[in-house]
Structure formats: structure tokens, C-alpha cells
**Student:** 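Got a structure for you, written out below as C-alpha cells; questions coming shortly.
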Amino acid sequence: MRNPYIPIPVKVSRVRVESDDKTLKTFDVSFDSKEERFEFMPGQFCQLSIMGKGEAPFGIASSPTEREFLRFTVNRIGVVTTALHYLEEGDIIGLRGPLGNSYPIERFRGENVVIIGGGFAFTTLRALTVYLCANRDEFKDITIIYGARRPGLLLYRDELAEWEKRGDLNLYLTIDKPVAGWDKRVGFVPTVTKEIAPNPKGAWAVVCGPPVMIKFTLPVLLELGFPPERIYTSLERRMKCGIGKCGRCNIGSKYVCLDGPVFSYAELQRLPEYEG
Amino acid sequence: MSEEIFKLEKDNLEGFLLYLSQKYNLFLPRRVDDQLSFGQMKPGGKPSLDHYFNTDLPPKEVFFPQRETLLSYEGGEVKHSTYKAKPIALFGVRPCDTKGIILLDRVFAEGEYEDPYWKARRTNSLLLTLGCNAPLSTCFCHWFNLGPFNKEGTDIFLTDIGDAYLVEPCSKKGEECLRGTSLLGATGDDRKVAEEIRRKAESSLSERVEISSLKGRLLALWEEDLWEDISQKCLSCAACSYLCPTCHCFDIQEEGSQEKGERIRIWDSCMFKLFTQEAAGTNPRPTPKERLRQRIMHKFSYFLDNLGEFGCVGCGRCIRGCPVNLDIREVIKAVKSFIVESR
């Protein structure tokens, strides 16, 4: 059995500044050895590390259908993320994973999927969207509601433009306040969700974003008629081991790293420590 | 297991320990400065078994060192290794601590991921558990259906009968180990003496508090003021966690530069504010209230949910070691007796 604490070396193949304030960067990494088997599903995460700096967890932003690279978007906020921001193409970093569970895509087949995201939490939602698009005929309507404070903080803007051109995605982009040149929606994600009012019948909702967005979006979905069992969200907690041993990321009896990060709202309601 | 019980004269203890140390990397209670803990005996050294109630520090450190190297790196090359020396034997572990090791086996070795560092030290290890003739006033192992002569999880069980130990193999490993010795069988009288010691020890225990309904109570009291009251004097010093035979939380840290260094793990505790402090500024457990509640919930609720057993063995170290006399037994009693006021 492989030692789960030892990272696999991966090469940074592409670095891109993601946001207009440069606090977000997107990294594509690839395995040195072609034989490296890395099977994962959207929603899972990895621990990225730089020797001497440490490790931090990041959701995988690429889909398993994109076989050439693994993608991560990193918000520069602490020691590790700052070190990651200094990376250049060709640098080697450590990767542990895939860790955690994934979105229950099997259950989505033949049904409608509503994806709701906010800010830089859109990473694993990108993975999910790309995966669904790659298997488009297996799912019915796909609705995406994605908001950020301002246009320059929306992730993956080139791709969003491409998605808009596709005829088979209902994409709604929104920003918090009006900005010159922005011709799409203005308003917070919960409000926009209420306006769009996705039909709950035969539908699943996946919500990812800052805690405050999740807090106000979940009641909207319940009001629209989505049962808690059909609403999924992905949680974040401070993590170290990523394999359920070091004891810090629990919410009630569940470890976010091991039992999550993806939970249904019904599961969360049963956990004592969850403050939704 | 074999019905056979042997007898080890204390005069022959040294020889027995020597025999063990030939096959095993032997750890036993020994005093360093003022503190009793499990360590390796120097050649010719003696275990500290006189007036021995229990070690100040739990034996978990033998299998889960306070500081451990996960990997080392230099110039892009990463190296790692796990324990490869002789199998480990622990002599003189108290039954509560043996149970603590068994619980940590479940944490570290069960489930989707196996911890290779714990596993490497535990593999083929031998536990020689020593019954407690004189439990302390802080002992409450009997709350958890353990007790001063509980044999669960041990390989060899010893009872101190004065000039000798009764030695009982409790596992295949234990049987095999004893087969290599020339210990004689215990007599019926020896067994009677041991039985009397056990009876006396068990009757000396404080009143047992019924805790089967504790988990439900804890969940029901999640929001109550009780936690504020209980945690008021907690200093968040984490002495309880460091002294606990089942606390297993750890941190992973870097030591060195980007060129050369080690990635290590060190014991950590949910009592520390930084334990759950996120880089973005949020902290789900900002005050002692949330942290103490987490520790109690983990031991008496989450452990049950995940492993079907309590995560406390009643060793009482946290009671003896707490600088502000926060007694976990009193917390349990408070939870049991708390009356929810209607709002």
C-alpha cells in the first residue's frame, strides 16, 4: 500500500493569472510518469505542497475527461498559497490525492442539474460542468448560476464565454453591483437564484461558494421545492492529513477530508456542529 | 487461549526482561527526572515498578511519537521510511492504556487509509499488561466496562502477588513468547491470592456512573449554556490532550528550507485556538467553549458514531494533570444532570 503522506511529484505545465486583482492564479500540473494512474471524479481535492513551505488542500478544477492536466485555482492568502503563486512553468511541486468524495454524478444521470457557484469556489463546479458537458446526452437540462463581486473576479472567463455560446447550457452570470459594460445580471446569487427559480422537479442542485452565499442560497432552494436530499454542497475546513487521522476538519462525527467535502444538505442538517 | 498460568518470581524479573529484550525492542516504565514514562531501559537498568500506579505520560508515544519525520528532502529528492527495527514490546502497561492502544489501532489502521508509521511500530508488537492492585481515586476505567484487571487487547497479563507475578498468556503471540521461557506453573494458592487482589482492587473503585445514555444527552445539550459554564476555567493549555492515551490529533509542519529539510508530524490538540484557524480568518471553534465541547463530543459521541466505542478509557491523567482541576468525570455528571430550561 502506498504511503498516503508522501506526495507525488508533478510538473507545473501552465500558470495563468485568473483574477484582475491577481490574487487568484490557475495552475495546470502534469505527472512526470505517463503510467501514473490518477482516477478521480469532480468534487474531489488534492493536497498541494512545496517543500519547506507546507501543504494545503485545493479542489480539483479540471474534469477527469481532460486527461492532459490537473487544474487548480489558488487564492493567495497564507504561506503555502503565496509560495504557490511564485511558481513558474516547469517547477515541480508535490501532490497528494485524489482525496475525499465527489459529487454524486451517478444520481444526476437522466435528470436536471442546477449548479450554483460564487466567487473563487467555482473550481470543482468547473470540473463538474466540464464533465457533464463531455457526457452531455446523459443529462437533461443543465442550469448554471455563477456570481462574483465584479466581472474581474469570475473564474475561467474565456470558458464562460464559450459556454454561453453553447445552446445546451442555461448560464446565468451575475455580479454584486452594476459596472459599466456589464450587460448580464446584477445581484447576489441567492436573489438571482430566486428570480430564475429553477424547477425542482427531477432536478439536483449543487451549491458552492463563500459560507454566507451558501447560507442564504439553501433556504431559497428549499423554498423552490428542492428537498434537502437533492441539494449538495462542498465544505472547507482547515486540513492537514487529508485522510481522517489528524482530527481537525470534523463537523460533528464527519471528517470533511474523508466523509466529504461533498455533503447533501440533509446530511448536514443531522450534524450538530454544522451552522448553516 | 491456554488455561495455563505461570509464575514469575520477582527475583527472576531481570532475567525475564533480558529474555524479552533479546526478541523485542523493550519499553517499560522508567523515571526520567521527575516523570514516569515508557522508555527503553539502559543495560543493567531497572524498571520503575516500586510504588508504580501508572506512568505520568501515556504509552501512545511508543507507537505514535510526539515528533515524527514523515519525509525528508534534499535538492529535489524525497526520502521516507517507517520503523524497521526489532518488534516492540511494552512491559507493565496498565489495562486502561492497553485499551487506549487498541482504540488507536482502530483510528490509525482501520478504514480507507492505513497509517504506515503507526502500523510499522505496532506490527508484531507485544503488550504485557499489569493489573492494578491499587487503583487511584482518579481512576474510572470501570465506567467504560474496563476495570483494573481487564485483559482486552493484551498479549500477556500480569498480576502482582507480592514476591511474584502471575503471568497469563492472552493471545497466540503471548503464548509463543512464554513458550521460550522456563516459567513454572502457578499453584492454586497463587491463583487464590491473585483473585483476592483483584476483588479488593475492584471493590476499592469509586461509584460507577452509568454512561450508556451519554451520547443522546450530549447531542440534546449541544446549544445549552452548560458548555459556557464548564469551559469557563479552561485555559486551552491542552495538557489533557497530551496526557490522554487516546487523543491522536496531530499537526504536519515543515522543518528546514526549501532546499533541505523534513516534513514532520507533531502532536496537536483541539484545545488550541489555532487548531482550526483558517488562513482566510474564519475559525469554527473560536473560544474554549467550542473547543472543550469538541473534545467531550469526540470522546463520548463521535467515537461511538465512527467506531462503536467510547474514546475514553478512564485513566484519569487529564484529571491529575489539569492545572485548573477541570475533572472530566464532573463534566460527564454535569451533562447527565443538566436540566434544559424551556425557552
Side-chain angles (χ1 to χ4, degrees), chain A residues 1-9 47 49-56 75-83 86 91-92 94 96 99-101 120 210-212 235-259 270-275, chain B residues 70-74 76 78-82 107-108 111-119 218-219 222-223 247-263 265 268-270 274-285 290 293-294 297-298 301-306:
Chain A
M1 194 182 180
R2 170 176 236 149
N3 183 329
Y5 296 101
I6 307 304
I8 312 163
Q47 286 275 6
S49 65
I50 294 182
M51 296 296 168
K53 295 291 178 185
E55 281 188 313
N75 181 30
R76 192 186 70 222
I77 193 146
V79 173
V80 177
T81 52
T82 300
Y86 282 117
D91 285 346
I92 304 288
R96 290 198 292 130
L99 300 166
N101 67 355
F120 59 84
V212 64
L235 299 180
E236 286 192 328
R237 277 290 184 277
R238 186 162 193 209
M239 288 178 192
K240 287 285 177 172
C241 74
I243 56 172
K245 311 288 185 200
C246 84
R248 81 192 56 228
C249 70
N250 72 299
I251 296 178
S253 60
K254 302 285 182 198
Y255 285 114
V256 173
C257 71
L258 194 66
D259 305 302
R270 287 194 290 269
L271 296 179
E273 208 175 1
Y274 181 71
E275 287 164 8
Chain B
L70 295 177
L71 60 87
S72 60
Y73 57 90
E74 184 168 5
V78 176
K79 285 183 191 158
H80 62 95
S81 65
T82 52
V107 169
F108 282 120
E112 205 176 329
Y113 296 95
E114 193 172 77
D115 189 285
Y117 303 94
W118 170 274
K119 186 82 182 169
L218 283 165
L219 289 171
W222 179 264
E223 302 277 356
C247 271
H248 59 84
C249 289
F250 60 85
D251 191 8
I252 297 177
Q253 286 286 343
E254 311 282 300
E255 277 192 348
S257 66
Q258 270 178 266
E259 272 310 299
K260 183 187 175 190
E262 290 186 333
R263 181 164 293 165
R265 74 164 162 205
D268 203 349
S269 167
C270 59
L274 287 180
F275 189 65
T276 48
Q277 179 68 50
E278 284 156 26
T282 47
N283 191 340
R285 298 184 199 128
E290 292 88 17
R293 183 173 61 190
Q294 157 66 19
M297 291 298 290
H298 191 196
S301 178
Y302 309 154
F303 239 93
L304 277 172
D305 284 337
N306 292 325

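Sequence lines set the chain letters: A, B, ... in the order given, protein chains first and strands last, and positions in each chain run from 1.
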**Student:** Could you have a look at A/Gly252, A/Ala83, A/Pro7, A/Gly247 and say which one has the most heavy-atom pairs with chain B under 4.5 angstrom?
**Tutor:** A/Gly252
**Student:** Could you check whether atom CD of A/Glu236 has more than 12 heavy atoms from other residues, nucleotides or ligands sitting under 6.0 Å from it?
**Tutor:** no
**Student:** Are the side chain of B/His248 and the backbone of A/Lys245 linked by a donor-acceptor contact shorter than 3.5 Å?
**Tutor:** yes
**Student:** Report yes if the side chains of B/Tyr302 and A/Pro272 come closer than 4.5 Å at any heavy-atom pair, otherwise no.
**Tutor:** yes
**Student:** So B/His80 and A/Asn3, do their side chains get closer than 4.5 Å, heavy atoms only?
**Tutor:** yes
**Student:** Can you find a heavy atom in the side chain of A/Arg238 that is under 4.5 Å from one in the side chain of B/Glu278?
**Tutor:** yes
**Student:** Can you measure from CD1 (A/Ile243) to CD (B/Glu112) and round to the nearest 0.5 angstrom?
**Tutor:** 9.5 Å
**Student:** Could you tell me how the ring of A/Tyr255 sits relative to the ring of B/His298: parallel (under 30°), tilted (30 to 60°) or perpendicular (over 60°)?
**Tutor:** perpendicular
**Student:** Would you mind telling me which of B/Lys260, B/Glu114, B/Met297 has the largest number of heavy-atom pairs within less than 4.5 Å of chain A?
**Tutor:** B/Glu114
**Student:** Contact part of B/Ile252 toward chain A, heavy-atom cut-off under 4.5 Å: side chain, backbone, both or neither?
**Tutor:** both
**Student:** State the SG-CZ distance between A/Cys249 and B/Phe275, to the nearest 0.5 angstrom.
**Tutor:** 9.0 Å
**Student:** Do the side chain of B/Tyr73 and the main chain of A/Gly52 share a donor and acceptor less than 3.5 angstrom apart?
**Tutor:** yes
**Student:** So, the side chain of A/Lys240 versus the backbone of B/Asp251: is there a donor-acceptor pair under 3.5 Å, distance only?
**Tutor:** no
**Student:** Give the member of B/Phe108, B/Phe250, B/Phe303 that has the highest number of heavy-atom pairs under 4.5 Å with chain A.
**Tutor:** B/Phe250
**Student:** List the steps, then state whether side chain to side chain contact (heavy atoms under 4.5 Å, CB included) holds for B/Arg285 with A/Glu273.
**Tutor:** CA-CA 10 Å; B/Arg285 298 184 199 128; A/Glu273 208 175 1; 2.7 Å; yes
**Student:** With a 4.5 Å cut-off on heavy-atom pairs, point out which of B/Asp115, B/Thr282, B/Val107 contacts chain A the most.
**Tutor:** B/Asp115
**Student:** In terms of heavy-atom proximity below 4.5 Å to chain A, should B/Glu262 be classed as side chain, backbone, both, or neither?
**Tutor:** neither
**Student:** Could you check whether A/Glu55 pairs with B/Arg263 (Lys NZ or Arg NE/NH1/NH2 to Asp/Glu carboxylate O, under 4.0 Å)?
**Tutor:** yes
**Student:** Need one label for B/Asn283: side chain, backbone, both or neither, based on atoms under 4.5 Å from any heavy atom in chain A.
**Tutor:** neither
**Student:** Under a 4.5 Å cutoff for heavy-atom pairs, which residue among A/Ile50, A/Asp259, A/Asn250 has the most contacts with chain B?
**Tutor:** A/Asn250
**Student:** B/Leu70 and A/Ile6: which non-hydrogen atoms are nearest, and at how many Å?
**Tutor:** O-CD1, 3.6 Å
**Student:** Of the listed residues (A/Ala56, A/Gly78, A/Pro4), which shares the most heavy-atom pairs with chain B below a 4.5 Å separation?
**Tutor:** A/Pro4
**Student:** Check the pair B/Glu254 / A/Lys53 against side chain to side chain contact (heavy atoms under 4.5 Å, CB included), numbers first and verdict last.
**Tutor:** CA-CA 6 Å; B/Glu254 311 282 300; A/Lys53 295 291 178 185; 5.5 Å; no
**Student:** Are B/Asn306 and A/Lys254 packed together at the side-chain level, in the sense that at least one heavy-atom pair is separated by less than 4.5 angstrom?
**Tutor:** no
**Student:** Which one wins on heavy-atom pair count under 4.5 Å against chain B: A/Val79, A/Ile77, A/Ile251?
**Tutor:** A/Ile77
**Student:** Compute both the distance and the angle, then confirm whether B/Arg265 meets the cation-pi test with A/Tyr5: under 6.0 Å from the six-membered ring centre, within 45 degrees of the axis.
**Tutor:** yes
**Student:** Is A/Arg248 reaching over with its side chain to a backbone N or O of B/Thr276, donor-acceptor style, under 3.5 angstrom?
**Tutor:** no
**Student:** Considering only heavy atoms and a distance below 4.5 Å, find which of B/Cys247, B/Pro116, B/Ser257 pairs most often with chain A.
**Tutor:** B/Pro116
